[in-house]
Number of protein chains: 2
Amino acid sequence: MIFSTSEENYIKSIFHLQQFAELVNTNALATEMNTRAASVTDMLKKLKTKKLVQYEKYQGCKLTEVGKKVALAIVRKHRLWELFLVDKLRFDWDSVHPIAEELEHISSEELVNKLSDFLGNPSFDPHGDPIPDKNGKIPLLNQQCLSDIPIKKIVTISSVSNQSAQMLEMLKHYHIVLGTQIMILKKFEFDGSSEIKVIKKNVCIISEQVTKNLFVHDIQKKK
Amino acid sequence: MIFSTSEENYIKSIFHLQQFAELVNTNALATEMNTRAASVTDMLKKLKTKKLVQYEKYQGCKLTEVGKKVALAIVRKHRLWELFLVDKLRFDWDSVHPIAEELEHISSEELVNKLSDFLGNPSFDPHGDPIPDKNGKIPLLNQQCLSDIPIKKIVTISSVSNQSAQMLEMLKHYHIVLGTQIMILKKFEFDGSSEIKVIKKNVCIISEQVTKNLFVHDIQKKK
DNA sequence: AATTAAATTTAGATTTGTCTAAATTTAATT
DNA sequence: AATTAAATTTAGACAAATCTAAATTTAATT
């Protein structure tokens, strides 16, 4: 079955929002997709007839099993393309998202699989996010939120949950990329901010908002 | 300026048909694009207001200078992606066209240029067609049509003008790919067909139609 | 030159995805 | 429980790209 770019974007957004709530409500989707609630309602009706979402008037929606498969296929494509752009074409990791948003809608399944082979069937993208395999299986990585890590412990950055351009730009400024090793020197009760040592490099102060969006794991990460 | 996929496809088709005639008429475009004459008329009006084509009612159309630049940019993308698919992802050269048709509409200019760098800024695609550079300049190759080549002369296949799936499949069957060296053993007056020796391999008979669509150059081709 | 045929355009309809504004339903608060 | 507020849906409109069928223009032929 083939889907329009628009349908795919809705599915992807619902998949994303389902991480935070069992049911995704119309307004949240409208905000996420930068559109109006009325448009969302229209699309949800359509996705329902295609059996991609469960949806009852006024009750919000969630993906069906089929919908989830479709979402995972799109996520897979997105992340593989991001990795390709960074590793092969030498893009900066903070600039590949919008291009991958286009590439992820190229339909050929053979293309995705050959791309994956070409990249060595990787498990994580340049932001540290896991890449679902052919069957939609997501590799696991035992990671913790930086805000839950005690001071003086060396950890490795493994993913960034808020991937806004602003956030990525800021991390870049502090020389914090995937795989970077850091240590919390001090936590300030006052505003939740933390003093961070970027191993072998600089020291910086980052806000609580940032620590909540950075995920880390113990020392060496294996891909 | 940004164009829709549909607009880009029209521009590309007009560019293609302009090789054969000064003015491209509506029906020819409709056939090429697999659509109806009425739809073509609608689009031509639109492309005219965008100054991409010159068009007068009932008189056919041709690309403006700007239109040509746009067309060359699309051709560049298409051919770079084809080369990527064949050289890097290991697709067969006769199966990449439909995928490149999708990839050519990805907009990022930076992407195209980095892709070109990654591929070593090549001048020819897997079908032997020249790849326009950043500025739309097309590399030349002094090639001749196979039907104009005398017998007993060894030449190298450099491009295929009719790239229908059927044609490509047939060439593949005879082990004729880009760079293949061949020699005409005999030409039959009766039907224009030719007996061909594929150097170091098989002998085969190909029709006049095929010889008219194969282009060759002397012995060794340099890329 | 008149007639016929072919090519092209117009007019009006359709589909997809979107929108605004009004109506309806659900949730929150007095 | 009644009222207000927030969320959601409906109704109707719009733009892009397409289509069919009818009208028009150009080209070809008698």
Side-chain angles (χ1 to χ4, degrees), chain A residues 1-15 17-18 20-63 67 70-71 74 101-102 104-107, chain B residues 1-14 17-18 20-63 67 70-71 74 101-102 104-105 107:
Chain A
M1 199 161 197
I2 261 181
F3 306 104
S4 72
T5 296
S6 185
E7 288 169 329
E8 290 192 349
N9 283 333
Y10 272 92
I11 292 168
K12 205 178 53 155
S13 290
I14 296 167
F15 181 78
L17 292 173
Q18 274 193 165
F20 313 114
E22 169 69 9
L23 286 173
V24 175
N25 44 309
T26 305
N27 267 353
L29 241 185
T31 306
E32 172 86 9
M33 301 226 29
N34 226 301
T35 183
R36 305 296 146 144
S39 312
V40 172
T41 302
D42 290 343
M43 183 56 85
L44 287 179
K45 284 184 196 161
K46 192 167 143 201
L47 294 178
K48 185 183 179 177
T49 70
K50 296 197 176 186
K51 306 197 185 222
L52 294 167
V53 300
Q54 283 176 249
Y55 164 64
E56 295 304 327
K57 263 191 185 185
Y58 298 103
Q59 302 311 135
C61 69
K62 62 188 274 194
L63 293 176
V70 175
I74 303 167
E101 294 266 277
E102 287 190 65
E104 75 194 2
H105 300 294
I106 305 290
S107 51
Chain B
M1 199 158 194
I2 262 180
F3 307 104
S4 72
T5 296
S6 183
E7 288 169 330
E8 290 193 348
N9 283 333
Y10 273 93
I11 292 168
K12 205 177 53 155
S13 290
I14 296 167
L17 293 173
Q18 275 192 170
F20 313 114
E22 168 71 8
L23 286 173
V24 176
N25 43 310
T26 305
N27 266 353
L29 242 185
T31 305
E32 172 85 8
M33 301 225 30
N34 226 300
T35 184
R36 306 294 145 146
S39 312
V40 172
T41 302
D42 289 343
M43 182 56 86
L44 288 179
K45 285 184 196 161
K46 194 167 140 198
L47 294 178
K48 185 183 179 178
T49 70
K50 295 197 176 186
K51 306 200 185 219
L52 294 167
V53 301
Q54 283 175 248
Y55 164 64
E56 294 304 328
K57 262 191 187 187
Y58 298 102
Q59 301 312 135
C61 69
K62 60 189 275 194
L63 293 176
V70 175
I74 302 167
E101 293 267 277
E102 287 190 64
E104 75 193 3
H105 299 294
S107 52

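The analysis underlying the following values was restricted to heavy atoms, covering all of them including side chains, and did not include hydrogens, waters or symmetry mates. We name chains A, B, ... by the order of the sequence lines, and we start the count at 1 in each one.
Residues Val53(B) and Leu44(B) come closest through the heavy atom pair CG2-O, 3.9 Å. In terms of heavy atoms, Ala37(B) sits closest to Asn27(B) at CB-OD1, 3.6 Å. In this structure, Ile14(A) and Leu63(A) approach most closely via the heavy-atom pair CG2-CG, 3.7 Å.
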B/S/- contact track for nucleotides 6-12 of chain C, protein heavy atom under 4.0 Å: -SBBB--
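In this structure a side-chain-to-backbone donor-acceptor pair under 3.5 Å is present from Glu102(B) to Ser107(A).
At the phosphate of dT18(C), OP1 or OP2 sits under 4.0 Å from a side-chain N or O atom of Ser6(A). Residue Arg36(A) places no side-chain N or O under 4.0 Å from the OP1 or OP2 atom of dT18(C).
Evaluation of the side-chain hydrogen bond (donor to acceptor under 3.5 Å, both in side chains) rule for Lys48(A) yields Glu56(A) as partners, not counting sequence neighbours. The salt bridge (charged side-chain N to carboxylate O under 4.0 Å, His left out) test applied to Glu8(B) returns no partner, not counting sequence neighbours. The side chain to side chain contact (heavy atoms under 4.5 Å, CB included) test applied to Gln54(B) returns Lys62(B), Thr64(B), not counting sequence neighbours.
Among residue pairs with one or both ends in residues 34-44 of chain A, none qualify as salt bridge (charged side-chain N to carboxylate O under 4.0 Å, His left out); sequence neighbours excluded.
For DNA chain C, if you chain together Watson-Crick or G-U pairs that step i with j, i+1 with j-1 and so on, the runs of at least three with distances under 3.5 Å are C:1-30 with D:1-30.
Nucleotide dC19(C) holds its C1' atom 14 Å from the CG atom of Asn34(A), rounded to whole Å.
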